[in-house]
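Have a look at the structure below before the remarks.
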Amino acid sequence: MTGEGGDRILETAMGSEFERLVGIIYRRSFRYDPAKGFVLSSGARSDIYIDVKKTVLSAEGMVTVGRVVYERIKGLGADGIGGLTLGADPIAYAAAMTSNLAGDPLEVFIVRKEAKKHGTMRWIEGNLGEGARVVVVDDVVTTGASTIKAVEKAREAGFEVVKVLALVDRCEGGRENIERTTGCAFEAVVSREDLLRLRP
């Protein structure tokens with residue numbers, strides 16, 4: 001549907017998908033404990049813990065993630081989507097499947113945590129070649145280190161990174177680190193504040 005009315009319907013539909021996604025993440029993946037807190041992989045302590053894999057590896061989460069992420073990137077002219085394994089993988093798969101259903105197929109690429117030790121000895125798996133335009137995704141951004149590594153390896157492979165997208169931003173400095181280090185535009189689908197607003 002086109003025109004102003006059609007645009008409003010689309011915005012409403014995507015708004016509903018976003019709210020649904022926030023609700024799924026809150027229910028499946030979000031924990032809040034300001035008294036005891038949680039120790040993160042970086043060693044830092046935080047009052048929130050977000051295990052997004054519990055969302056993206058569920059059927060309801062995968063469908064919603066695919067729709068919302070694809071809507072955020074579909075106008076970029078990207079050839080592919082991916083990031084550092086394991087966090088980026090289900091997000092990239094979901095968005096690629098959605099893109100194919102929309103007649104706008106994206107290839108998935110996977111950045112290994114270390115280079116393959118035999119054969120091609122490569123860092124990246126997938127079908128994309130040098131010059132491909134790609135979106136780098138991540139599940140949860142805290143410091144941004146894994147996202148930065150994915151951008152660096154994508155560029156080493158000859159890809160042009162057109163956007164960096166995180167499913168959740170913990171709002172603890174990751175955005176600033178990513179933008180300063182890579183020069184890429186960064187966007188988060190869901191923020192810490194979006195999740196805290198759902199607390200009773």
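Source: prediction; values computed, not measured.
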Note to self: Walk me through whether Ile73 and Leu165 qualify under side chain to side chain contact (heavy atoms under 4.5 Å, CB included).
What the structure shows: CA-CA 9 Å; Ile73 66 173; Leu165 183 73; 4.1 Å; yes
Report yes if some heavy atom in the side chain of [X] is under 4.5 Å from a heavy atom in the side chain of [Y]; otherwise report no.
{"X": "Ile50", "Y": "Leu195", "answer": "yes"}
{"X": "Leu84", "Y": "Asp138", "answer": "no"}
{"X": "Arg67", "Y": "Thr64", "answer": "no"}
{"X": "Arg155", "Y": "Val161", "answer": "yes"}
{"X": "Asp79", "Y": "Val134", "answer": "no"}
{"X": "Cys184", "Y": "Lys163", "answer": "no"}
{"X": "Ile81", "Y": "Tyr70", "answer": "no"}
{"X": "Val168", "Y": "Phe30", "answer": "no"}

Heavy-atom pair of closest approach, residues [X] and [Y]:
{"X": "Gly87", "Y": "Pro90", "value": "O-CD, 3.9 Å"}
{"X": "Val162", "Y": "Ala78", "value": "CG2-CB, 4.4 Å"}
{"X": "Val108", "Y": "Ala96", "value": "CG2-CB, 3.5 Å"}
{"X": "Gly82", "Y": "Ala92", "value": "CA-CB, 4.0 Å"}
{"X": "Glu172", "Y": "Ser46", "value": "OE2-OG, 3.3 Å"}
{"X": "Val141", "Y": "Gly174", "value": "CG1-CA, 3.7 Å"}

Taking [X] for its side chain and [Y] for its backbone only, find out whether a donor-acceptor pair lies under 3.5 Å.
{"X": "Arg20", "Y": "Glu60", "result": "no"}
{"X": "Ser99", "Y": "Leu106", "result": "yes"}
{"X": "Asn100", "Y": "Met97", "result": "no"}

Check: Going by the salt bridge (charged side-chain N to carboxylate O under 4.0 Å, His left out) test, which pairs reach into residues 145-154, not counting sequence neighbours?
Finding: Lys153-Glu156
Item checked: salt bridge (charged side-chain N to carboxylate O under 4.0 Å, His left out) partners of residues 100-114, not counting sequence neighbours, each pair once -> Arg112-Glu125, Glu114-Lys117
If hydrophobic clusters are built from ILVMFWY residues whose side chains come within less than 4.5 Å, do [X] and [Y] share one?
{"X": "Phe18", "Y": "Leu196", "result": "yes"}
{"X": "Ile48", "Y": "Val22", "result": "yes"}
{"X": "Leu86", "Y": "Val140", "result": "no"}
{"X": "Val136", "Y": "Val65", "result": "no"}
{"X": "Val56", "Y": "Val111", "result": "no"}

Notebook entry, point to check: Take atom CD in Glu130; do more than 12 heavy atoms of anything else shown fall under 6.0 Å from it?
Noted result: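 Counting other residues, nucleotides and ligands, CD of Glu130 stays at 12 neighbours or fewer.
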Margin query: Give me each pair satisfying ring pair (Phe, Tyr, Trp, His ring centres under 6.0 Å) with a member in residues 156-197, each pair once, sequence neighbours excluded.
Written below: Phe109-Phe159
Checklist line | Criterion side chain to side chain contact (heavy atoms under 4.5 Å, CB included) on Asp51 and Lys53, from CA distance to verdict | finding: CA-CA 5 Å; Asp51 184 2; Lys53 291 178 183 65; 3.6 Å; yes
Margin query: Val68 and side-chain contact (heavy atoms from CB on, under 4.5 Å): which single residue from Val189, Leu167, Val190 fits?
Written below: Val189
Next item on the list: Among Lys36, Arg199, Arg192, Arg170, find the one that has a salt bridge (charged side-chain N to carboxylate O under 4.0 Å, His left out) with Asp47.
Entry: Arg192
Could you state the interatomic distance from [atom1] ([X]) to [atom2] ([Y]), rounded to the nearest 0.5 Å?
{"X": "Asp139", "Y": "Ser146", "atom1": "CG", "atom2": "OG", "value": "7.0 Å"}
{"X": "Thr55", "Y": "Leu21", "atom1": "OG1", "atom2": "CG", "value": "7.5 Å"}
{"X": "Tyr26", "Y": "Arg31", "atom1": "OH", "atom2": "CZ", "value": "9.5 Å"}
{"X": "Glu176", "Y": "Thr143", "atom1": "CD", "atom2": "OG1", "value": "12.0 Å"}
{"X": "Ile24", "Y": "Ser58", "atom1": "CD1", "atom2": "OG", "value": "6.0 Å"}
{"X": "Arg175", "Y": "Ile178", "atom1": "CZ", "atom2": "CD1", "value": "8.5 Å"}

Margin query: Run the side chain to side chain contact (heavy atoms under 4.5 Å, CB included) test on Thr142 and Asp169 for me, step by step, so that the C-alpha distance in whole Å, both residues' side-chain angles and the decisive distance to 0.1 Å come before the verdict.
Written below: CA-CA 7 Å; Thr142 305; Asp169 183 4; over 6 Å; no
Check: Side chains of Thr181 and Asn177: donor-acceptor distance under 3.5 Å anywhere?
Finding: no
